[in-house]
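Note sheet for the following structure.
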Amino acid sequence: MIRTRFAPSPTGYLHIGGVRTALFNWLFARGCGGQFVLRIDDTDRQRNVSEALQPILDGFRWLGIEWDEGPGVGGANGPYYQSERSELYAAAVQVLLEKGAAYRDYSTTAEVQAEREAAEREKMRFAYSRRWMAETDAQATQFENEGRQAVVRLKMPREGQCQFEDRIRGEVSFSWRQEQDHVIQRTDGTCLYHLASVVDDHEMRISHVIRAEEHLSNTPRQIFISQSLGYESPEYAHLPYVAEPGGKSKISKRKLNKYFKNQDFKKLYEQGAAIARAVGLENTAETFNPVIIDFYQKIGYLPEAVINYLLLLGWSLDDQTEEFNREEMLQHFSLQRVVKSPASFDPLKLLAFQERYMRKLPMKQKVSFVLPFLQQAGRISTPPPCEIGSHVGKVLEAAGDRVRVAGDILQFDEFFVNDEDLEYDEKSFEKRVRKPEKAAELLNAIKHQLASVEPFDAPALDQLLHEFVESRQIKIAQVIHALRVATTGKSIGIGLFEALEIIGREGCLARIQRALDRIEVTRKVS
RNA sequence: GCCCCCUUCGUCUAGUGGCCCAGGACAUCGGAUUCUCAGUCCGAAGACAGGGGUUCGACUCCCCUAGGGGGUACCA
């Protein structure tokens with residue numbers, strides 16, 4: 001049975017690169033009827049682990065990456081928190097000690113450091129002298145009498161090659177002599193990552209370790225542990241990292257300011273930040289950051305779009321296919337087709353996927369997708385009508401592709417505010433209403449016609465306007481811009497006739513009157 | 001320093017010796033459509049990191065150089 005795992009630390013956020021690693025693990029396992037395990041790497045023993053874990057679990061659930069075993073779902077191979085598995089690690093250390101694959105070492109950090117520096121001065125490869133190694137209890141007692149404390153180190157081979165087959169990179173080989181006698185157990189008795197990881201993978205019957213490439217160089221020592229413990233080693237596959245937008249280094253949530261120099265990234269962020277502001281979200285780099293997956297959930301991306309984008313970040317099926325639903329992904333994913341080099345995160349391409357999926361979303365679902373944003377922004381009351389023919393549905397219908405992420409609905413404020421609260425974009429008002437000589441007269445005339453047109457819908461309004469300009473021998477542009485600004489407050493937006501219909505007769509009349517009154521008002525210098 | 005991995009249009013990628021004077025997607029730039037914006041349609045521009053080999057033939061194989069990344073922690 002194929003079993004894979006993802007082992008996040010409870011850091012309080014889910015990094016976009018981590019999501020991709022998890023996705024590939026999930027796809028690989030589930031694609032062939034296997035299982036995906038979530039294990040919590042909390043060896044740092046921080047407090048409030050469950051609190052720091054929540055955003056990570058939420059993120060995976062939102063994306064539909066479900067785990068077969070782990071927090072919240074349990075399983076036969078638990079516990080799934082490394083902090084609760086210390087006995088297992090201690091037992092493994094004992095075995096290693098007994099087999100002579102590890103030794104108690106009584107050196108101090110300073111002493112080892114001194115050896116390392118001496119080697120560097122001589123331009124020699126560093127290898128610990130094992131001078132404070134205790135192989136017998138008598139030696140140990142002697143060191144302890146000197147007041148020394150022991151760590152446990154791996155007694156690594158110092159000659160020969162470590163070769164293994166990486167499912168993505170092919171045959172990889174390292175010289176054992178490059179390896180160090182790594183510490184696996186601290187003086188306080190706690191164990192380190194490499195030991196814990198190998199033990200857990202074995203105990204949890206993980207068949208394929210698919211992880212970030214920064215672990216490639218760590219693999220020999222893990223193979224050594226694994227073999228010394230008599231385990232059958234899992235298959236390894238090392239994924240390239242996700243690089244920063246427009247760059248080659250690994251993407252990091254702490255380098256936001258650097259990424260803002262990339263215009264696309266900046267736009268993505270600012271668009272998101274505007275939505276966050278409108279719905280009253282806390283907005284700090286810790287909580288609202290495009291490198292963290294929540295960002296996309298918060299501003300209204302579709303999980304399918306995010307997943308599809310991430311799938312193609314370092315993997316492809318062929319030279320054509322870009323869209324994959326869940327079943328197709330599961331069916332086609334393979335490690336052989338994972339790209340070996342880092343892929344840089346492109347916010348614009350992600351947006352392009354979002355647009356495609358938005359277009360495919362049935363209107364009814366689009367309405368309910370968008371509603372929470374309007375509610376949070378205080379634009380509609382609860383509980384709102386949730387149908388296609390509803391006010392929100394009409395706006396969405398008319399807005400079409402302009403609503404790219406759900407939060408974009410807030411750009412269509414003019415359809416959700418009271419007539420007296422409508423804000424006018426001052427520049428547009430000046431240009432389209434106040435400045436053109438005949439604007440006031442035209443608006444007034446149209447206002448009268450709007451009062452009686454039947455029915456008050458887009459086709460009728462279209463016809464009305466055209467007849468109006470024809471009878472007056474003017475160009476439609478002369479009236480349409482003024483009317484748009486008068487009724488929506490903006491010079492850009494959805495089709496004017498649809499807009500008028502949605503605002504309704506009463507609203508249009510009130511708004512036009514407001515605009516007319518406004519012309520008279522002396523502009524305040526701000 | 002030493003060791004390991006990586007390197008095709010701006011970006012994601014196809015390409016496993018002749019199908020490639022390199023294909024697709026996003027972005028960009030033109031043109032068409034329209035009441036604005038978005039969209040849509042049509043079109044254009046754009047890459048094999050550099051240098052040596054091997055071969056009748058190299059994006060594809062080998063070597064070197066350069067660049068990027070990782071490891072060399074009582075971090076993960």
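Scope of the values below: all heavy atoms of this structure, side chains included, with no hydrogens, waters or symmetry mates.
- Note on A:R359: only backbone sugar-phosphate atoms sit closer than 4.0 angstrom, heavy atoms only; bases stay farther off.
- Among the heavy atoms of the strands, none lies under 4.0 Å from A:R211.
- Heavy atoms of A:G493 sit under 4.0 angstrom from at least one base atom.
- Nucleic acid contact class of A:Q180 (heavy atoms, under 4.0 Å, all strands): sugar-phosphate only.
- Listed nucleotides B:G71, B:U36, B:C26 differ in distance to A:I492; the shortest reach to its side chain belongs to B:U36.
- The aromatic rings of A:F174 and A:F164 sit parallel to each other, their planes meeting at less than 30°, with 60° as the upper class boundary.
- Below 30°, between 30° and 60°, or above 60°: for A:Y106 and A:F143 the angle between ring planes is below 30°, a parallel geometry.
- Residue A:R121 is out of contact with every strand shown, counting any heavy-atom pair closer than 4.0 Å.
- A:S249 comes within 4.0 angstrom of the backbone, heavy atoms only, and of no base.
- Between the side chain of A:R402 and the base of B:C37, at least one donor-acceptor pair of N or O atoms lies under 3.5 Å.
- Checked against B:C2, B:A27, B:C74, the side chain of A:L192 finds its nearest nucleotide in B:C74.
- Between A:Y309 and A:F345, the ring-plane angle classifies as perpendicular under the 30° and 60° cut-offs.
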Would you give a per-nucleotide map of nucleotides 6-12 of chain B, 5' to 3', where B means the base has a protein non-hydrogen atom under 4.0 Å away, S means only the sugar-phosphate does, and - means neither?
-> SS---SB
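- Because its NZ or CZ atom is not both nearer than 6.0 Å to the ring centre of A:Y259 and within 45° of the ring axis, A:K266 does not count as a cation-pi partner of that residue.
- A:H238 comes within contact range of no nucleotide atom at all, as no heavy-atom separation falls under 4.0 Å.
- Base pairing of B:U28 is made with B:A44, judged by Watson-Crick or G-U wobble geometry with both donor-acceptor distances under 3.5 Å.
- The side chain of A:Y241 sits closest to B:G69 out of B:G15, B:G69, B:C5.
- If you check every strand for non-hydrogen atoms under 4.0 Å, A:N218 touches a base.
- Note on A:V183: only backbone sugar-phosphate atoms sit closer than 4.0 angstrom, heavy atoms only; bases stay farther off.
- Ion pairing of A:D413 with A:K490 is absent here, as no side-chain N (NZ or NE/NH1/NH2) approaches a carboxylate O to less than 4.0 Å.
- Relative to the ring axis of A:F353, A:R356 places its NZ or CZ within 45° and under 6.0 Å from the centre.
- Among the protein residues, A:S316 comes within range of the sugar-phosphate backbone only, with heavy atoms under 4.0 Å from sugar or phosphate atoms but none that close to a base.
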